[in-house]
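Hydrogens, waters and symmetry mates are skipped; everything else that's a heavy atom, side chains included, is used. A, B, ... follow the sequence lines: proteins, then strands. Residue 1 opens every chain.
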Amino acid sequence: MTVRVRFAPSPTGYLHIGGARTALYNYLYAKATGGTFILRIEDTDLERSKSEYETLQIDDLKWLGIFHDEGPDKPGKFGPYRQSERLEIYMKYANLLIEQGKAYYDFCTEEELEAMKEKAAAEGRDPIYQGKWKDPAFHAEALQKIAAGEKPAIRFRAPKKAYTLNDKVKGSVTYPEGMVGDFVIVRSNGLPVYNYCCVVDDMLMEITHVIRGEDHLNNTVRQLMIYEALNSKIPEFAHVSLLIGHDRQKLSKRHGATSVNLYRNEHYLPEAMCNYLCLLGWSHPEERDIFNKEDLFKVFSLDRFSAHAAMYDLEKLKWVNGEHLKKMSTIDLITLIEKEPETEFFSKQSQDWKNACVELLKKYASFVTDFPKLVNELILNENPEMTDPLKEIMAWETTPKILSFIKEKVDSVESEFVTEAELNSWMESVKKDMGVKGKPLFMGVRAALTGHDHGPDLKFLIPLTPVTILRNRVHQLSK
RNA sequence: GCUCCCAUCGUCUAGCCCGGUCUAGGACAUCGCCUUUUCACGGCGGUAACAGGGGUUCGAAUCCCCUUGGGAGUACCA
């Protein structure tokens with residue numbers, strides 16, 4: 001049996017981090033088993049669904065490197081892949097269920113339903129439908145009403161028994177008898193409802209494994225009932241724990257950046273994003289933290305999920321991104337950096353300069369966007385800020401001497417950049433002629449040339465800095 | 001309220017299914033030290049967790065029960 005899995009988002013907004021994670025798990029499972037990954041659009045809620053969001057979500061999925069084998073934009077023999085285009089299919093099965101007495105027409109008004117719910121709440125139990133239409137004796141009357149143009153909802157007759165699910169991550173889950181009452185599968189406006197469509201589609205699309213968020217765990221009992229009524233095979237289920245924010249609440253917009261496109265705009269590396277998302281609730285068999293998709297294709301399985309919710313934490317994502325950044329080739333990094341805004345100076349430099357610059361700075365960068373920032377701060381900044389540590393260095397008795405010596409040297413340089421050898425010779429001179437060594441020497445020179453009390457290795461940093469800028473700094477500090 | 005799910009360092013987790021090898025391992029963060037004649041690199045190390053209580057057992061992080069805490073569902077949303 002070949003594996004068929006699906007990701008079924010509703011196009012009601014941007015692709016959410018949590019959605020991306022479930023999509024990723026489905027994709028990885030398909031890849032790991034040689035199966036098929038299907039994208040299905042769940043757009044039966046006409047009011048909230050927008051087709052732009054479908055496009056945007058597919059776009060974000062592609063950016064993450066999560067590619068589907070079948071979907072609305074990639075028709076296969078199980079299509080169509082938008083629920084809004086499958087309405088006749090749902091009606092066909094709904095009618096079948098009615099014929100078999102497994103579902104019935106319901107003409108109850110909102111008020112009647114509301115009254116039932118209140119009564120149930122007062123009695124401290126879950127609301128269970130108790131309208132008269134449940135009674136098969138009213139079927140004929142229902143047909144008459146329909147003939148007269150009235151629009152009923154179709155309600156599924158929930159069997160009175162307990163259900164047990166053997167979930168891949170939660171283990172054995174028991175839904176007691178009476179947990180849910182008869183529920184609507186087709187609204188009175190003719191549109192079918194999620195729990196019903198989902199089952200019909202998963203059945204028809206021959207889905208073998210349903211990997212989705214834990215928020216669906218309670219829905220599953222309804223779905224189990226429908227599978228049974230439809231005499232369908234029941235897929236395996238894996239209910240992955242939810243992502244939570246710092247307040248331990250389900251991750252939502254108020255937790256800040258929860259849409260994938262936000263990270264995409266900030267130029268996070270998609271591989272890093274997937275790496276981190278995968279780590280949230282799943283562990284590598286060798287306890288590795290950094291991996292790419294190809295690694296995962298070999299080892300991904302459904303038995304390494306943790307059962308509890310995971311907190312979405314930017315700190316670790318930052319580290320993962322930095323690790324992926326360091327693994328990239330210099331040439332690829334340069335290409336990415338040049339796509340960033342405010343990289344005119346960087347782009348104008350020679351290939352050797354760029355290579356040296358990236359080699360030096362990538363140790364300190366976590367994000368691609370850090371490069372322009374670092375270049376600005378470390379190389380292009382012409383106005384030394386008199387911080388306390390800098391003041392302290394300037395106050396040392398050796399510093400003014402170093403400063404005036406360096407000023408003289410920098411003024412006499414005619415080339416665009418100082419070489420490492422030149423810098424070394426200056427240091428040698430200070431050491432020999434002034435008898436300054438160790439910390440006063442290095443810190444003095446560093447302060448004079450960079451205006452900072454700390455930073456990357458001088459012998460690498462200074463040759464990357466234009467002499468004109470060096471000169472400006474030294475002159476300002478000499479005042 | 002009711003039903004379901006969950007519970008190991010601040011965070012992500014390993015271990016749990018198949019009790020002993022766990023004075024509980026790793027990673028992020030944090031702190032310290034070392035090295036680098038400077039430094040935001042690097043190296044080494046530290047702090048830090050089995051929610052509580054009962055059982056079962058020679059032995060429990062691991063199995064069972066209760067409590068507490070957290071989450072989800074409870075729609076003619078998905």
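Taking atom P on both nucleotides, B:rU57 is separated from B:rC31 by 49 Å, rounded to a whole Å. B:rC22 and B:rU13: their C1' atoms are spaced 16 Å apart (whole Å). For the C1' atoms, the distance linking B:rG71 with B:rG53 amounts to 23 Å, nearest Å. Nucleotides B:rC65 and B:rG25, compared at atom P, are 29 Å apart to the nearest Å. For B:rA78 and B:rU62, the P atoms lie 42 Å apart once the distance is rounded to whole Å. Across B:rC4 and B:rC66, the matching P atoms stand 11 Å from one another, rounded to whole Å. Across the C1' atoms, B:rU21 and B:rC5 are found 33 Å apart, a figure rounded to whole Å. The same atom, P, is picked in B:rC64 and in B:rC17; the two are 9 Å apart, to the nearest Å.
Applying the 4.0 Å criterion to OP1 and OP2 of B:rU13, one finds that A:Ser283 has every side-chain N and O outside that range. In terms of phosphate contacts, A:Arg248 brings no side-chain nitrogen or oxygen within less than 4.0 Å of OP1 or OP2 of B:rC6. The side chain of A:Gln249 places no N or O atom within less than 4.0 Å of a non-bridging phosphate oxygen (OP1 or OP2) of B:rG70. When the side-chain nitrogen and oxygen atoms of A:Arg288 are compared with OP1 and OP2 of B:rA27, none of them lie within a distance under 4.0 Å. For A:Thr12, no side-chain nitrogen or oxygen approaches OP1 or OP2 of B:rA78 to under 4.0 Å. The side chain of A:His216 contributes no N or O atom lying less than 4.0 Å from OP1 or OP2 of B:rC5. Close to B:rA78, at under 4.0 Å from its OP1 or OP2, lies a side-chain N or O of A:Arg187.
Remark: A:Lys250 engages A:Asp215 in a salt bridge, criterion side-chain N to carboxylate O under 4.0 Å. Classification of A:Glu42 and A:Arg82 as a salt-bridged pair fails, no side-chain N sitting under 4.0 Å from a carboxylate O. Under a 4.0 Å N-O distance rule, the pair A:Lys170/A:Glu214 qualifies as a salt bridge. Here A:Glu228 pairs with A:Lys161 in a salt bridge; the nearest charged N to carboxylate O distance falls below 4.0 Å.
Distance A:Asn321 CG to B:rC12 P: 20 Å, rounded to the nearest Å. Atom CZ of A:Phe305 and atom P of B:rC5 are 19 Å apart (whole Å). Between the CE atom of A:Met311 and the P atom of B:rU13 there is a distance of 10 Å, given to the nearest Å. The CG atom of A:Leu464 sits 19 Å away from the P atom of B:rA40 (whole-angstrom rounding). We find that CE of A:Met116 is positioned 10 Å from P of B:rC76, with the value rounded to whole Å. Regarding A:Leu280, its CG atom lies at a distance of 12 Å from the P atom of B:rA14, rounded to whole Å. The distance from atom CG of A:Leu458 to atom C1' of B:rA40 is 13 Å, rounded to the nearest whole Å.
Side-chain N/O atoms of A:Asp289 and A:His284 include no donor and acceptor closer than 3.5 Å.
Among the heavy atoms of the strands lying under 4.0 Å from A:His454 is at least one base atom, whether or not backbone atoms are also near. A:Leu113 comes within contact range of at least one nucleobase, with a heavy-atom separation under 4.0 Å. Residue contacts shown for A:Ser241 are absent, as no nucleic acid heavy atom lies under 4.0 Å away. Counting non-hydrogen atoms under 4.0 angstrom, A:Leu243 reaches nothing in the nucleic acid. Backbone-only engagement by A:Thr174 is indicated by non-hydrogen atom pairs under 4.0 Å involving sugar-phosphate atoms exclusively. If you check every strand for non-hydrogen atoms under 4.0 Å, A:Pro456 touches a base. Within 4.0 Å (heavy atoms only), A:Ser188 reaches at least one base atom of the nucleic acid. Within 4.0 Å (heavy atoms only), A:Glu377 reaches at least one base atom of the nucleic acid. Nucleic acid contact class of A:Arg446 (heavy atoms, under 4.0 Å, all strands): base. At the heavy-atom level, A:Cys198 lies nowhere under 4.0 Å from the strands shown. Nucleic acid contact class of A:Arg304 (heavy atoms, under 4.0 Å, all strands): sugar-phosphate only. Within the nucleic acid shown, A:Asn219 comes within 4.0 Å of at least one base atom, counting heavy atoms only. A:Gly281 comes within 4.0 angstrom of the backbone, heavy atoms only, and of no base.
Among A:His324, A:Lys326, A:Lys318, the single residue meeting the side chain to side chain contact (heavy atoms under 4.5 Å, CB included) criterion with A:Ser366 is A:Lys318.
Out of B:rG73, B:rC28, B:rC6, the shortest distance to the side chain of A:Lys316 is found at B:rC28.
No hydrogens or angles were tested; on distance alone, nothing pairs the side chain of A:Asp313 with the base of B:rA29 as donor and acceptor under 3.5 Å. For A:Asn218 against B:rA72, a side-chain N or O and a base N or O form a donor-acceptor pair under 3.5 Å. Below the 3.5 angstrom threshold, one finds a donor paired with an acceptor across the side chain of A:Glu287 and the base of B:rG25. In terms of polar N and O atoms assigned as donor or acceptor, the side chain of A:Lys117 never comes within less than 3.5 Å of the base of B:rA75 in a complementary pairing.
Pair assignment for B:rU37: none, as no Watson-Crick or G-U wobble contacts are both less than 3.5 Å. Across all strands shown, nothing is found opposite B:rC50 as a Watson-Crick or G-U wobble partner with both distances under 3.5 Å. Within the shown strands, B:rA7 is the pairing partner of B:rU68 under the Watson-Crick or G-U definition, both distances less than 3.5 Å. Nucleotide B:rA14 is matched to nothing when pairs are restricted to Watson-Crick or G-U wobble geometry with both distances under 3.5 angstrom. Nucleotide B:rC63 forms a Watson-Crick or G-U wobble pair with B:rG55, both donor-acceptor distances falling under 3.5 Å. When Watson-Crick and G-U wobble pairs are counted only if both distances are under 3.5 Å, B:rC76 pairs with no nucleotide at all. With both pairing distances under 3.5 Å, B:rC22 is matched to nothing as a Watson-Crick or G-U wobble pair. Base pairing of B:rG45: its partner is B:rC31, meeting the Watson-Crick or G-U wobble criterion (both donor-acceptor distances under 3.5 Å).
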Would A:Glu141 and A:Lys132 count as a salt bridge (charged side-chain N to carboxylate O under 4.0 Å, His left out) here? Give the steps. CA-CA 11 Å; A:Glu141 187 183 334; A:Lys132 70 169 190 178; 3.4 Å; yes
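Side chain of A:Arg155 to backbone of A:Asp182: a donor-acceptor contact under 3.5 angstrom is found. Between the A:Asn292 side chain and the A:Asp295 main chain, a donor and an acceptor come within less than 3.5 Å of each other.
Using cut-offs of 30° and 60° on the angle between ring planes, the pair A:Tyr105 and A:His139 is parallel.
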